[in-house]
Amino acid sequence: MTLQTKITANAQALKRWLSNAEISLGNHSDRLNAINIFPVADGDTGTNLYLTLCAASKAAAEEDTADIGELLGIAGRAAMESARGNSGTLFSVFLTSMAEPLAGATRLSAPLLGAALQRAQLRSWSVLSDPVPGTMLSVLEAAAHAASDSEAAVTGDDSNAGLAVTLRAVMDAALAAVIRTENQLAALTQAHVVDAGGVGFLLVLDALRAAALGEELQEELLDGLHGYDVQAPHIHAHMPRMEGVEVMCTITLSPLDAATLRLQLDELGDSVIMSAVSPVGDGYRWRIHVHTPDAGTAIDLLRSLGDPMNLTITELSADGHETKEIPEGGEIPEAHGL
């Protein structure tokens, strides 16, 4: 019997997962930023994923529960409240959705992993108004299919050995999906790079594999990925400047107001993400993300429907950007095109 079959993928292991993922993304954030081409070449995917992981890891570390679904739900909601950018928001959705099928479980198994990844990929595709293949979504989808189709998941094998085989199949599928992203999006093909969010998610999955099986992270995992040469320049800096801003907030809305907001945000901009954080009364607390040329109109719309909290405006620019936090009821800054 090998070492990995003796490891129990319990709550402590999942805490190690998030902690190790935080460290891994911190180590790789500069290169992820450098190849951040889509949806906006603003060079912050690595930073956004890292900061969002920090919130998730901190919340998990402070929680004392053996229920792995409860643990990941708490970590996911903490990440959602302070999610940064497209990538950070999607990771938060991944974590909160993954937690749902794990509720009540005290250890991860291949069947549970398959169910959790399937739930996460379905929810992640649904929160985007215009989901695009060739991104983190495609990598998550490939991982989910690999887990669900594994022999251990299909037969209900809940042994640690079955989990080990399944996790390695997940990693193989995810890596292949990352490589495919270069040919799925014209912007990536032109820049000759793979998708930054996809690579970041691959690192997260490798941290899960390592923590669940008691193994080390794969140092050679990213070798050969296009754009991931440490000597390469910041490729995003040579892409056309993107005008406009990213608006993010958390807001409590009724189901009708949430549907109205999504329709109107789709008209105002793109990269719209709306994800429910938690139920509140007859509605939900939502995390909102949109890219728009006009911050004022978007924020006026939000304030007409509720009280946006944790409201930030970030310039979308290939040559540097600034995030401004807007206090409740505060005026929208006009400087720098905001």
**Message:** A side-chain contact here means heavy atoms from C-beta on lying under 4.5 Å apart; do H226 and L188 qualify?
**Reply:** no

**Request:** Indicate yes or no for a side-chain donor-acceptor contact from T135 to the backbone of L137 under 3.5 Å, with no hydrogens or angles considered.
**Result:** yes

**Request:** Take L302 and V247 through the side-chain contact (heavy atoms from CB on, under 4.5 Å) test and state the conclusion after the steps.
**Result:** CA-CA 10 Å; L302 289 163; V247 177; 4.2 Å; yes

**Pairwise distance OG(S275) to CE(M80) - rounded to 0.5 angstrom** = 3.5 Å

**Item:** Counterpart residues, salt bridge (charged side-chain N to carboxylate O under 4.0 Å, His left out), relative to E81 (two or more places apart)
**Value:** R285

**Fill in**
Smallest heavy-atom separation, A196 atom then L32 atom, equals CB-O, 3.4 Å

**Prompt:** Do the ring planes of F94 and F91 sit parallel (below 30°), tilted (30 to 60°) or perpendicular (above 60°)?
**Reply:** tilted

**Asked** Where do D266 and S129 land on the side-chain hydrogen bond (donor to acceptor under 3.5 Å, both in side chains) test, with the steps shown first?
**Response** CA-CA 7 Å; D266 284 340; S129 291; 2.8 Å; yes

**Item:** Hydrophobic cluster identity match, L268 and L263, side-chain contacts under 4.5 Å
**Value:** no

**Prompt:** Is any side-chain heavy atom of T292 less than 4.5 Å from a side-chain heavy atom of D270?
**Reply:** no

**Message:** Checking E100 against R123 for the salt bridge (charged side-chain N to carboxylate O under 4.0 Å, His left out) test, could you report, in this order, the C-alpha distance in whole Å, the side-chain angles of both residues, the deciding distance, and whether it holds?
**Reply:** CA-CA 11 Å; E100 294 169 7; R123 187 68 57 78; 3.1 Å; yes

**Prompt:** Does the W17 side chain pair with the main chain of V204, one donor and one acceptor, at a distance under 3.5 Å?
**Reply:** yes

**Request:** With rounding to the nearest 0.5 Å, note down the distance linking CG in D206 to CG in N20.
**Result:** 10.0 Å

**Item:** Side chains of T45 and N36, donor plus acceptor under 3.5 Å
**Value:** yes

**hydrophobic_cluster_shared for L311 and M248, side chain cutoff 4.5 Å** = no

**Request:** Find out whether Q218 and R209 are in side-chain contact, i.e. whether some heavy atom of one side chain is under 4.5 Å from a heavy atom of the other.
**Result:** yes

**Request:** Supply the atom-to-atom distance L90 CG to L140 CG, rounded to the nearest 0.5 angstrom.
**Result:** 9.0 Å

**Asked** Looking at side-chain heavy atoms only, is the closest gap between S271 and H289 below 4.5 Å?
**Response** yes

**Side-chain touch D149/V154, heavy atoms, less than 4.5 angstrom** = no

**Request:** Mark yes or no for whether R84, through its side chain, and D44, through its backbone, hold a donor-acceptor pair below 3.5 Å.
**Result:** no

**Donor + acceptor pair across side chains of R287, T250 (<3.5 Å)** = yes

**Request:** Identify the two heavy atoms, one from G227 and one from R31, that lie closest to each other, and give their separation to 0.1 Å.
**Result:** O-NH2, 2.8 Å

**Asked** Between I288 and I273, is a side-chain contact (heavy atoms from CB on, under 4.5 Å) present by the stated rule, with each step listed?
**Response** CA-CA 6 Å; I288 309 298; I273 305 176; over 6 Å; no

**Asked** Just by modelled atom types, is the L301 backbone N or O under 3.5 Å from a matching donor or acceptor in the S304 side chain?
**Response** yes

**Complete:** d(R107 CZ, L14 CG) to nearest 0.5 Å is 11.0 Å

**Request:** Take atom CG of D282 as the centre, draw a 6.0 Å sphere, and report whether it contains more than 12 heavy atoms from other residues, nucleotides or ligands.
**Result:** no

**Prompt:** Among V170, L167, L221, which residue meets the side chain to side chain contact (heavy atoms under 4.5 Å, CB included) test with L205?
**Reply:** V170

**Item:** Where W286 and A276 come nearest, the two heavy atoms and their spacing
**Value:** CE3-N, 3.5 Å

**Request:** Output, in order, the C-alpha distance, side-chain angles, deciding distance and verdict of side-chain contact (heavy atoms from CB on, under 4.5 Å) for L163 and S109.
**Result:** CA-CA 5 Å; L163 177 61; S109 65; 5.7 Å; no

**Close side-chain approach of N33 and T47, heavy atoms under 4.5 Å** = yes

**Asked** Same cluster or not: are L185 and I37 linked, directly or through other Ile, Leu, Val, Met, Phe, Trp or Tyr residues, by side-chain heavy atoms under 4.5 angstrom apart?
**Response** yes

**Prompt:** With distance as the sole test, does T96 use its side chain to make a donor-acceptor pair with the main-chain N or O of V93 at under 3.5 Å?
**Reply:** yes

**Request:** Hey, could you give me the OG/CZ distance between S124 and F201, rounded to the nearest 0.5 Å?
**Result:** 7.5 Å

**Request:** Check whether any side-chain heavy atom of T314 sits under 4.5 Å from a side-chain heavy atom of V245, and report yes or no.
**Result:** no

**Fill in**
Smallest heavy-atom separation, P101 atom then L112 atom, equals O-CD2, 3.7 Å

**Asked** Taking the side chain from T52 and the backbone from N48, do they hold a donor-acceptor pair closer than 3.5 Å?
**Response** yes

**Asked** With no hydrogens and no angle check, is any side-chain donor or acceptor of S57 less than 3.5 Å from a backbone partner on C54?
**Response** no

**Item:** Pair R168 + E215: basic N to acidic O under 4.0 Å
**Value:** yes

**Prompt:** Between D157 and S159, is any side-chain donor less than 3.5 angstrom from a side-chain acceptor?
**Reply:** yes

**Separation of S148 OG from L117 CG (nearest 0.5 Å)** = 7.0 Å

**Message:** Please give me the minimum heavy-atom distance between N86 and E246, naming the atom from each residue.
**Reply:** N-OE2, 3.9 Å

**Request:** Give a yes or no on whether the backbone of G104 and the side-chain of D67 come within a donor-acceptor separation of less than 3.5 Å.
**Result:** yes

**Request:** Determine whether M98 and L122 fall in the same hydrophobic cluster, where Ile, Leu, Val, Met, Phe, Trp and Tyr are linked whenever their side-chain heavy atoms lie under 4.5 Å apart.
**Result:** no

**Request:** Quick one: closest heavy-atom pair of L53 and A21, and the distance?
**Result:** CD1-CB, 3.8 Å

**Asked** If you measure from the Lys or Arg side-chain nitrogens to the Asp or Glu carboxylate oxygens, is any gap between D300 and R303 under 4.0 Å?
**Response** no

**All salt bridge (charged side-chain N to carboxylate O under 4.0 Å, His left out) counterparts of E151, not counting sequence neighbours** = none

**Message:** Count I, L, V, M, F, W, Y as connected when their side-chain heavy atoms are under 4.5 Å apart, and connections chain through other members. Are I23 and V199 then in the same cluster?
**Reply:** no

**Prompt:** Are the side chain of T166 and the backbone of A110 linked by a donor-acceptor contact shorter than 3.5 Å?
**Reply:** no

**Request:** Determine whether L175 and L225 make a side-chain contact, defined as any pair of heavy atoms from C-beta on separated by less than 4.5 Å.
**Result:** yes

**Prompt:** How far apart are the C-alpha atoms of E182 and V193, what are their side-chain angles, what is the distance that settles it, and do they pass the side-chain contact (heavy atoms from CB on, under 4.5 Å) test?
**Reply:** CA-CA 6 Å; E182 182 179 348; V193 297; over 6 Å; no

**Message:** Less than 4.0 angstrom from a charged side-chain N to a carboxylate O is my criterion; do K15 and E63 meet it?
**Reply:** no

**Request:** For the pair T181 (side chain) and D195 (backbone), establish whether a donor and an acceptor sit closer than 3.5 Å, ignoring hydrogens and angles.
**Result:** yes

